Amino acid sequence: MHPELRKAYEDEMVAARHCYRAGRDAAAMAHLERAHVLGQRHVAPHVATHYWMLKIGLRRRAPRQAWGQLLRIVLGALGSAVGIVPAGNTGGTDIGMFRRLPLDPAVRRLLEK
């Protein structure tokens, strides 16, 4: 992961953890979704975003969300490892895990470097 992409990913993860610890799950999820798009081509960042999404699902006592994130941790790690990830997918259980989504132009520029 190039340094500019790494910084953007880390900034989103720091913000997500801060919001999570403050009990602001919706805000944490928004940061995690952006971090997911930034990091999904790399195994460890990809798995980390799903881990934090899992934590939100567990705290919300949302079994569908929690199970969906457990599945995404396994399949996401494999997808990243072999280089098959759906660009723009935000990683939440409200989006099909193989669905591609439009990329924000700023994110696209980071991913193309």
Side-chain angles (χ1 to χ4, degrees):
M1 187 180 284
H2 68 79
E4 195 175 343
L5 179 59
R6 167 70 64 189
K7 180 173 181 349
Y9 168 81
E10 288 296 334
D11 289 349
E12 292 297 333
M13 290 301 291
V14 166
R17 288 189 296 266
H18 175 75
C19 291
Y20 176 85
R21 290 183 183 117
R24 297 174 39 230
D25 289 347
M29 195 66 177
H31 287 290
L32 289 169
E33 288 174 343
R34 187 165 170 95
H36 181 270
V37 172
L38 294 166
Q40 70 179 341
R41 292 188 296 174
H42 306 276
V43 176
H46 194 180
V47 169
T49 58
H50 286 298
Y51 167 77
W52 281 91
M53 289 178 181
L54 169 63
K55 288 179 64 147
I56 290 171
L58 292 172
R59 179 154 73 186
R60 289 179 173 171
R61 292 189 170 92
R64 182 179 173 276
Q65 184 179 359
W67 283 112
Q69 290 306 328
L70 284 171
L71 181 61
R72 282 164 172 79
I73 287 171
V74 174
L75 294 178
L78 291 171
S80 293
V82 298
I84 300 172
V85 294
N89 189 294
T90 56
T93 55
D94 59 334
I95 301 291
M97 73 175 89
F98 302 110
R99 184 172 178 201
R100 293 178 182 271
L101 297 171
L103 286 168
D104 173 272
V107 171
R108 180 182 301 283
R109 282 190 293 278
L110 283 171
L111 293 175
E112 289 175 349
K113 287 187 177 193

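Since this is a predicted model, take the numbers as computed values, not measurements. Numbering of residues begins at 1 and proceeds along the displayed sequence. Scope of the values below: all heavy atoms of this structure, side chains included, with no hydrogens, waters or symmetry mates.
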Original post:
E12 and H31: side-chain donor and acceptor closer than 3.5 Å?
Top reply: yes

**OP:** Kindly give the heavy-atom pair with the smallest separation between A27 and C19, and that separation in Å.
**Re:** CB-SG, 3.7 Å

Original post:
Going by the side-chain hydrogen bond (donor to acceptor under 3.5 Å, both in side chains) test, which pairs reach into residues 54-73, not counting sequence neighbours?
Top reply: D25-R59, H50-Q69

Original post:
Could you state the interatomic distance from OH (Y51) to CG (L32), rounded to the nearest 0.5 Å?
Top reply: 12.0 Å

Original post:
Are the side chain of H46 and the backbone N or O of L78 linked by a donor-acceptor pair below 3.5 Å?
Top reply: no

Original post:
Does the side chain of W52 reach to within under 4.5 Å of the side chain of M13, using non-hydrogen atoms?
Top reply: yes

Subject >> Distance in Å, L70 CG paired with L75 CG, rounded so as to fall on 0.5 Å steps >> reply: 11.0 Å

Subject >> Listed partners of D94 passing side-chain hydrogen bond (donor to acceptor under 3.5 Å, both in side chains), at least two apart >> reply: none

Subject >> Rounded distance [0.5 Å steps], CD in Q40 versus OH in Y9 >> reply: 11.5 Å

**OP:** Determine the minimum heavy-atom distance between V37 and G88, stating which atoms define it.
**Re:** CG2-O, 3.6 Å

Original post:
In chain order, what residues pass the side chain to side chain contact (heavy atoms under 4.5 Å, CB included) check against A81, with sequence neighbours excluded?
Top reply: V43

**OP:** Would you give the length of the straight line joining atom CG of D104 to atom CZ of R109, rounded to the nearest 0.5 angstrom?
**Re:** 7.5 Å

Original post:
For M97 and L71, which heavy atoms make the closest approach, and how far apart are they?
Top reply: CE-CD2, 3.3 Å

Original post:
Distance from L111 atom CG to E4 atom CD, nearest 0.5 Å?
Top reply: 11.0 Å

Original post:
Do L5 and L103 share a hydrophobic cluster (ILVMFWY, side-chain heavy atoms under 4.5 Å, transitive)?
Top reply: yes

**OP:** Could you pull out all residues at least two apart from A66 that satisfy side chain to side chain contact (heavy atoms under 4.5 Å, CB included)?
**Re:** L54, L58

**OP:** Only counting residues at least two apart or in another chain, list the ones meeting side chain to side chain contact (heavy atoms under 4.5 Å, CB included) with V14.
**Re:** R17

**OP:** Not counting sequence neighbours, which residues clear side-chain hydrogen bond (donor to acceptor under 3.5 Å, both in side chains) with R41? List them please.
**Re:** none

